[in-house]
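What's counted below: heavy atoms across the whole structure, side chains too, no hydrogens, waters or symmetry copies. Each chain gets a letter, A, B and so on, in the order the sequences are listed, and its residues count up from 1.
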Amino acid sequence: MNAPTARILRRAAVIALLAIAATFALDPFRNYQLAVAAACFAAVAGLSVLVGLTGQLSLGHAVLMAAGGYGYAITASAVAEALPGAPALAFLTGLLGAAVVAGALGLLLGLAAARLTGPYLAGLTLALVIALPSAANVIPALSGDQGRAAPFFAVPDGLASLIVVEQWHAWLAIAVAAVAVTPLVILRRGRGGLRMRAALGDETGARLAGVDPGRVKAGAFAMSALSAGLGGAVLALATQSVSPGAYGLGFSLLLVVAAVVGGLGSIGGAALGSALVVVLPWLVDTFAGTLPADLGRRLNGNLAVLLFGAVVIAVTAAAPGGLARLLGRLPRPASPRAATPTTEPHEPAQNPER
Amino acid sequence: MHAPLKRTATLAAVAALAATALAACSTPDAEGVPGVAEKTVTVGTHQPLTGPAAAGYASISAATAAYFKYLNDNGGIHGRTIEYIVKDDGYNPANTQTVVRQLVAEDKVFALLNGLGTPTHSTVLDYLQQQDVPDLFVASGSSTWNQPGKYPNTFGFNADYVTEGAALAKYAVEQKPDARVCVLGQDDDFGEGILQGVQSVVGPGGVTDAQTYSTSNEDVTAQIGAMKAAGCEVNVLGTINGFTALAIGTAAQLEWFPKWHVSSSGGDYPTLTGYLGAEVAPALLQGMVSANYLPFSPGGEWAELFTKINDQYNGGAPFTGNTVYGMSVGYLFAEALAAAGQDPTRDSLVAAVTSGKLVGNGIVPLSFGADDHAAFRGVGITLVDKGIQDYEGTTYNVADGVVTSVQPTPVPLANGGLPGR
């Protein structure tokens with residue numbers, strides 16, 4: 001293992017522990033929100049790297065999350081039923097199921113994506129999101145609109161007096177998100193990231209340098225799908241269900257919003273964006289609750305979408321690099337596609353690639 | 001050590017200290033009864049106030065809230081008023097998860113009351129069980145709620161779908177023994193339960209055609225066309241209100257007018273009229289058979305009381321089956337809360353329901369007991385005639401798949417619909 005990789009791993013461990021420590025300061029509902037944010041983080045990080053580094057715009061990451069969620073729910077339920085005494089095994093095989101299903105779908109999509117550019121890829125992925133409810137109705141294993149139930153993992157006995165179930169799920173969510181995102185950070189810094197930037201910058205040039213843009217793009221898509229799939233598994237863990245309604249077009253576009261607002265290509269930005277995606281609708285809901293019932297009801301559900309639109313416009317106009325750049329302590333002048341991994345500062349959040 | 005890592009480590013140390021200082025906000029605590037204060041009892045629900053199911057069901061929680069206002073103005077229960085928190089989940093299971101957690105963890109509700117929908121509510125069963133929250137009178141007829149061993153705190157409110165399907169089919173074959181019976185059902189527990197009930201009466205091979213639809217696809221032309229082609233004479237519908245209207249309207253467009261036998265969840269005449277339009281509804285819905293178990297009969301004492309409450313506390317909203325349903329839920333909860341004692345706990349509330357002593361206001365006896373968490377084991381048959389829906393007189397009890405005719409046992413109104421005095 002080389003030094004940068006070891007450093008990334010150390011930092012990932014520290015951040016994960018930090019997040020786990022933070023769960024003690026949160027009440028149960030915040031911990032639930034944290035688990036959902038961790039799920040979104042895994043998906044948004046994958047999407048952000050995909051769009052930021054290879055320029056492939058996927059509007060369908062919700063479907064990849066759903067694929068992971070279904071994979072998780074089906075596998076974990078089967079194992080939990082066969083071996084009721086081994087929740088850890090059910091959880092881990094569930095994660096494996098999520099990775100396999102989402103990875104396979106991502107690879108298939110990636111192969112198509114390598115041959116499509118710009119709006120055509122966006123269109124393909126968009127169609128997937130729209131097709132999800134119908135697919136759920138046609139494929140018996142997905143159980144239609146009602147969706148699949150995922151097993152409920154209670155707090156282990158040893159911890160039961162210390163933490164409640166939301167906090168326990170937040171811990172698992174943080175751990176899975178760390179496992180999903182850390183490889184992306186390593187990939188982004190290493191040779192893989194260099195190849196992706198090369199493929200984005202100039203395909204012909206990349207080919208001359210011995211980089212196959214098709215393979216790079218397909219690989220990036222599959223990596224991103226794996227991460228999104230694990231995010232879907234986390235969401236299924238926290239909510240004990242997977243249904244097409246949870247992964248609609250609105251949610252899929254929110255993931256893109258989170259990536260853009262956070263800063264494309266930036267992992268720290270993805271974390272900020274995911275937190276925003278979880279917290280903003282809740283804030284709006286709380287605010288709408290204080291309004292007269294009729295007005296509140298009319299605003300509820302619409303106001304959040306409106307605000308997201310406004311935030312995207314504001315961020316794109318004021319800080320094209322996203323929140324990550326805005327909050328970076330050392331704002332550097334934009335240097336599109338100029339930075340190479342070796343010249344990057346240690347904090348990836350400070351240098352979002354455009 | 002690299003600078004950023006050092007910074008992170010410092011941050012970690014600070015955060016760890018802060019975390020210890022804040023001393024485990026998520027640690028389970030057992031003091032007091034959540035949601036029960038000196039002067040109030042707080043209960044919550046998840047309802048579709050927006051989204052595809054809103055048009056059919058949003059009026060239920062408004063009716064329940066109106067009944068509670070009436071009750072509160074008359075002194076509440078044991079000197080406590082009832083605070084009813086209604087959260088919108090848009091009939092989307094993912095939202096249900098969020099809003100129910102909000103209700104339990106943030107609003108600290110005493111109990112969940114009348115959470116609506118099978119797909120939505122089934123996702124929160126385990127959570128509510130783990131949190132030990134009484135989960136009363138779920139607004140769905142799925143048999144999922146009747147698992148006393150697995151979910152001792154969960155109770156249904158609707159007559160279960162199998163019971164309804166059996167009663168509707170029994171009425172069909174009693175009217176015409178050789179009728180060709182078909183089923184159109186939602187592609188979940190609802191439709192499956194109805195189909196299962198119909199099959200228990202006519203036999204598995206006795207159903208001429210069984211079709212399903214999904215709520216995400218608002219077109220049933222293919223299903224109705226297939227049923228017409230199969231020569232169906234009586235169509236038993238396991239459909240929500242919107243799809244009942246859609247099915248009947250689509251059949252009318254195909255100039256097909258079979259008999260419709262509709263589950264109580266989708267057979268409310270005023271609501272269907274809202275969908276179909278007041279001009280054509282009386283003609284299209286003439287003779288529609290449905291099942292019910294609540295005292296909605298126009299002119300009855302319960303309906304009169306509920307109409308009065310509706311006018312006074314619900315801004316005179318249209319009086320529909322949903323109004324009767326919502327207020328009946330409120331009444332039954334008030335009765336349970338009164339029976340739970342002067343200082344109710346979650347345990348005493350559940351014990352009040354399982355005691356089997358609750359009476360409710362149904363036209364068939366409540367069947368709650370220690371090992372039965374379903375509310376009604378029978379239904380009465382209703383008919384639409386000249387724009388008025390009322391009980392026809394036939395009442396069925398369904399036990400172990402056997403349908404028997406019984407006499408309805410309406411509950412007389414006492415104390416102005418205010419339990420516990």
Heavy atoms only, distances under 4.5 angstrom: which of Gly147(A), Ala238(A), Gly248(A) has the most pairs with chain B? Name it, please. Ala238(A)

Please classify the contact of Asp188(B) with chain A as side chain, backbone, both or neither, using a heavy-atom distance under 4.5 Å. both

If one checks every heavy atom of Thr98(B) against chain A at 4.5 Å, the contacting part turns out to be both

What I'd like to find out is whether the side chain of [X] reaches to under 4.5 Å of the side chain of [Y], using heavy atoms alone.
X         : Y         : result
Gln33(A)  : Gln102(B) : no
Glu106(B) : Trp282(A) : yes
Asn217(B) : Asn137(A) : no
Val165(A) : Gln131(B) : yes
Gln97(B)  : Tyr32(A)  : yes

Looking at Gln130(B), I want to see if its CD is surrounded by more than 12 non-hydrogen atoms of other residues, nucleotides or ligands under 6.0 Å. yes

Tell me whether the count of non-hydrogen atoms from other residues, nucleotides or ligands lying under 6.0 Å of CG in Asp219(B) goes above 12. yes

Given a strict heavy-atom distance threshold of 4.5 Å, which part of Ala154(A) is in contact with chain B: side chain, backbone, both, or neither? both

Select one option (side chain, backbone, both, neither) describing which atoms of Thr239(A) are under 4.5 Å from chain B's heavy atoms. both

Sort out for me which of Asn95(B), Asp189(B), Val124(B) touches chain A most, counting heavy-atom pairs under 4.5 Å. Asp189(B)

[atom1]/[X] to [atom2]/[Y] distance, rounded to the nearest 0.5 angstrom?
X         : Y         : atom1 : atom2 : result
His169(A) : Tyr127(B) : NE2   : OH    : 10.5 Å
Arg101(B) : Asn31(A)  : CZ    : CG    : 11.0 Å
Thr123(B) : Phe152(A) : OG1   : CZ    : 12.0 Å

